[in-house]
2 protein chains.
Amino acid sequence: MAPRPTSTAGPSTKERILAAALDLFSQRGYTAVSVRDLARAVGIKESSLYNHFSSKEEILTTIYANFRAGLQSSLPPVAALDRLLEKYDPETFLQQGFQLFQQNVSNPAIMQAWRIVHMEQYRDPVAQEILLTEIYGRTVSFLEEVFRRLIAAGRVRPFDPQLLAVEYQYPVFALMTEYAIRLTDEQGLAEVEQRVQAHIAFFISLVRS
Amino acid sequence: MAPRPTSTAGPSTKERILAAALDLFSQRGYTAVSVRDLARAVGIKESSLYNHFSSKEEILTTIYANFRAGLQSSLPPVAALDRLLEKYDPETFLQQGFQLFQQNVSNPAIMQAWRIVHMEQYRDPVAQEILLTEIYGRTVSFLEEVFRRLIAAGRVRPFDPQLLAVEYQYPVFALMTEYAIRLTDEQGLAEVEQRVQAHIAFFISLVRS
DNA sequence: GTCTATACAGTGATAGAC
DNA sequence: GTCTATCACTGTATAGAC
């Protein structure tokens with residue numbers, strides 16, 4: 001079959017393979033899922049799968065790449081910070097961290113990729129780098145800049161901006177991980193969301209000047 | 001060979017298998033390590049390994065059990081709390097959380113088991129339970145009781161004790177995980193330790209009354 | 001308790017017909 | 001782009017000699 005033959009076509013085979021891989025890898029881990037499992041889930045033969053990816057590893061690499069791309073777009077550019085900080089008071093601005101949290105955890109593909117990266121982090125240097133650099137590093141750098149400006153504007157007490165960034169963000173990450181574990185747990189989301197809210201409120205009440 | 005034949009005997013074969021399993025599982029993950037790999041690392045044949053464990057899974061179960069047992073002994077009993085809180089001021093007491101951190105991260109077997117449990121948490125309900133109940137749940141309950149008493153004694157501002165427990169502990173866990181990723185990184189320990197210290201100092205300065 | 005030998009299902013991947 | 005067929009290899013586990 002030619003790729004995407006009609007205008008009403010659903011997802012391409014390649015996309016269906018990636019969806020199945022997200023699903024299975026996030027449940028069992030990369031190593032425990034075989035190419036046969038993947039092919040069966042998609043409804044094609046193993047050999048057909050190799051028409052879309054040259055190896056099992058390349059599927060994982062593609063998942064990483066998509067996850068990275070999604071992360072890039074989730075933080076506003078630093079250039080836009082001044083305008084945003086003028087527009088919103090610190091509470092409102094930091095509360096938007098909660099909306100970012102909600103936005104991420106309610107996107108199944110993101111949470112599946114999050115699980116996969118966390119599972120593979122110890123054995124796969126690429127996963128490790130995504131986690132340490134792209135997620136932890138990037139977010140903390142961004143927030144550090146936010147706090148630097150909030151302190152300069154006299155809206156936050158003069159603590160070390162990097163310390164503030166870590167104190168604000170690490171509990172959020174920990175709660176995202178806790179939510180990722182409970183993905184199948186219906187009431188998990190509401191409870192975790194409420195705890196993120198509590199954290200943000202507590203944090204703001206302590207550091208505002 | 002009879003078990004532990006002489007008084008100068010080193011570790012038993014069973015212990016050597018467990019050590020090799022901690023090593024390999026923590027690096028590559030349970031699924032990616034084969035019984036052949038384990039036997040080779042110990043220096044015996046696969047078939048000999050089955051004289052000590054009835055299955056590969058039983059090795060993992062034993063690692064979990066040992067990890068659990070180690071955790072049980074790492075928190076003081078609640079019964080001893082009043083005496084400890086009388087003896088130490090809040091700063092000193094909470095600083096001891098740092099010593100617990102140091103004690104854990106400097107024990108390779110604990111950090112290897114920590115890695116394994118984190119790797120397997122998404123696919124293995126037992127790992128999940130250890131993490132959510134034994135580690136997160138137990139520690140937070142303990143600290144909740146600590147803060148309840150510190151508040152009652154007028155030494156800490158009257159926030160929700162459970163919120164305080166989470167705010168104190170989650171960054172510590174996040175930093176332990178970050179340290180676990182960098183296990184092989186020589187300078188990682190010093191940097192992470194310093195950040196744990198900074199977190200504790202920051203936290204105490206904000207909540208003390 | 002360790003070994004050799006073996007069973008046998010599952011693994012990632014390829015060749016070549018359609 | 002999918003299929004059938006097949007490959008060499010690795011997976012966990014067992015039987016039985018020493």
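Chain letters run A, B, ... following the sequence lines, proteins first, then strands; residues in each count from 1.
- Counting any heavy atom pair closer than 4.0 Å across all strands shown, A/Val33 reaches sugar-phosphate atoms only and no base atom.
- Classification of the B/Phe101-B/Phe98 ring pair by plane angle, with boundaries at 30° and 60°, yields parallel.
- Considering only the side chain of B/Ser47, C/dT4 comes nearest among D/dT12, C/dT4, C/dG12.
- Between A/Glu46 atom CD and D/dC7 atom P there is a gap of 16 Å when expressed in whole angstrom units.
- Ring geometry for A/His118 against B/Tyr122 counts as perpendicular: the plane angle is over 60°, on a 0 to 90° scale with 30° as the lower cut.
- Between A/Arg28 atom CZ and C/dG10 atom P there is a gap of 13 Å when expressed in whole angstrom units.
- Across all strands, A/Ser34 comes closer than 4.0 Å only to sugar-phosphate atoms, never to a base (heavy-atom distances).
- Residue-level contact check: A/Lys45 touches the bases, meaning some heavy atom is under 4.0 Å from a base atom.
- In this model, the phosphate group of D/dC3 is approached by a side-chain N or O of A/Ser48 to a distance below 4.0 Å at OP1 or OP2.
- Here C/dG12 presents its C1' atom at 16 Å from CZ of A/Phe53, a figure rounded to the nearest Å.
- Side-chain atoms of B/Thr92 do not come within 3.5 Å of backbone N or O of B/Tyr88 as any donor-acceptor pair.
- The aromatic rings of B/Phe147 and B/Tyr168 sit perpendicular, their planes meeting at an angle over 60°, well past the 30° parallel limit.
- Ranked by how close their nearest DNA chain C nucleotide is to the 5' end, B/Leu49 and A/Tyr30 are led by B/Leu49.
- Listed nucleotides C/dC3, D/dA13, C/dA13 differ in distance to B/Ile44; the shortest reach to its side chain belongs to C/dC3.
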